[in-house]
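Both backbone and side-chain heavy atoms feed into the values below; hydrogens, waters and symmetry mates do not. Chain letters run A, B, ... following the sequence lines, proteins first, then strands; residues in each count from 1. In this text the structure is predicted, and so the values were computed from the model without any measurement.
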Protein chains: 2
Amino acid sequence: MQRPFVHPAVEDVTLESILYALADPTRLEIVKKLAGGSCGMNCSMAAPADLPKSTQSHHFQVLREAGLIRSERRGTEVVNALRCAELEKRFPGVIASILKASEKTKKR
Amino acid sequence: MQRPFVHPAVEDVTLESILYALADPTRLEIVKKLAGGSCGMNCSMAAPADLPKSTQSHHFQVLREAGLIRSERRGTEVVNALRCAELEKRFPGVIASILKASEKTKKR
DNA sequence: TCAATAGTTCGAAAATCTTGAACTACGGAA
DNA sequence: TTCCGTAGTTCAAGATTTTCGAACTATTGA
C-alpha cells in the first residue's frame, strides 16, 4: 500500500490500452459508475458489490495503467476519477461515444 | 468450410463484444485495413502478413461474431467487409472515433 | 483428375485472468 | 499508544483464453 500509484502521461496513453481496459465488462462497469458521479469514488464504491477485493484491485490497476483513471490515496481508501478531459483531448470522442453507447445498451 | 457464416443482427450486437474484438492489436489492425479499402478484402489480404492462418481464421471469426465484419465466400476465398453503416447507426461515433484515433496513433 | 490456393478445425502448449489467503496502512476508539 | 476495523495490495495457483502447427475441406484452374 505504500507504493505510490503510477499514472502514464496523457501522451503515453495508447488507444489499444484504452480499448483493452474497456473491453472487460467489469471494468466498463466501473468506468460507467465513475463517469456517473461527478467527483472521485473509492474502489469498493465503484466496483460491482460482489467482486472479490483482489479482483477489484487488479481491475483498478489495469484502468490506472491504461490511463483511464487517476487514483489517489485518501487515508485508508483510494479515490479514483476518470481522466475524461485529458483523454478527450488525446482521443476525441472515443470515451464519450463509448459511454453514451453503453448507456443506451444497459437498459435490457 | 461448408458451414455458412453466422452474422449477428445489428440489434444483437453488443458494445462489449465490439470493444472486446477491437481490443486485440491484431484485430484492430485488420479492422483498420478493412476500413482503408472501400470494398471487401479477403482474409490473408486484411491480416498481418506473417500471422499463421489458423490464428487469422480465429480472429476473423471473433470479428464476425462480434458483428464488426460481414464475411462472404467467393469461390475459394472469403471476402470481408466492415459493417460501418449499421454499426454507426447502432453505436454512433464509436467505430468512427476509434478509427480516427488509431490513425493518429499509428505514425510512431 | 490433379495440384494449388484459401481458409477451417483440432488439440495442446503458452499466456492471462480470477480469486482466496495472508499481508500492509491508516484512522478511530479506548 | 496500543488495538481493532476498514480499505486495499500481493502472491500463488487453479481456471480460462490465445496461439499456432498439423491435418483437413472446398473451390478453381490446368
Are any of Thr55(B)'s side-chain N or O atoms less than 4.0 Å away from OP1 or OP2 of dC20(D)? yes

Side-chain N or O of His58(B) closer than 4.0 Å to phosphate OP1/OP2 of dG7(C): no

Which part of the nucleic acid does Ser44(A) contact within heavy-atom distance under 4.0 Å: base, sugar-phosphate only, or nothing? sugar-phosphate

The residue, Pro52(A) or Arg74(A), whose nearest nucleotide of DNA chain C is more 5′ is Pro52(A)

Could you state the [atom1]-[atom2] distance from [X] to [N], rounded to the nearest angstrom?
X: Leu51(B); N: dA6(C); atom1: CG; atom2: P; value: 16 Å
X: Arg27(B); N: dT17(D); atom1: CZ; atom2: P; value: 13 Å
X: Gln61(A); N: dT9(D); atom1: CD; atom2: P; value: 8 Å
X: Leu63(B); N: dG7(C); atom1: CG; atom2: P; value: 14 Å
X: Phe60(B); N: dT9(C); atom1: CZ; atom2: C1'; value: 17 Å
X: Asp50(B); N: dT19(D); atom1: CG; atom2: P; value: 13 Å
X: Lys53(B); N: dA23(D); atom1: NZ; atom2: P; value: 14 Å
X: Gln56(A); N: dT18(C); atom1: CD; atom2: C1'; value: 13 Å

Of the options dT18(C), dT19(C), dT19(D), whose atoms approach the side-chain atoms of His59(A) most closely? dT18(C)

Closest to the Ser54(A) side chain: dT9(D), dG20(C), dA22(D)? dG20(C)

Greater than 12 external heavy atoms within 6.0 Å of Lys33(B)'s NZ: yes

What I want to check is whether an N or O donor and acceptor connect the side chain of Thr76(A) with the base of dG27(C) at under 3.5 Å. no

Is there a donor and acceptor pair closer than 3.5 Å between the side chain of Ser57(A) and the base of dG8(D)? no

Taking every non-hydrogen atom, the tightest pair across Leu68(A) and Leu82(A): O-CD2, 3.3 Å

With side-chain contact (heavy atoms from CB on, under 4.5 Å) as the criterion, how do His7(A) and Ser71(A) come out once you've worked through the C-alpha distance, each side chain's angles and the decisive distance to 0.1 Å? CA-CA 8 Å; His7(A) 299 92; Ser71(A) 308; 4.1 Å; yes

Is a side-chain donor or acceptor of Arg90(B) paired with a backbone partner of Val10(B) at a separation under 3.5 angstrom? yes

If the threshold is 4.0 Å, N to carboxylate O, is there a salt bridge linking Arg70(B) and Glu72(B)? no

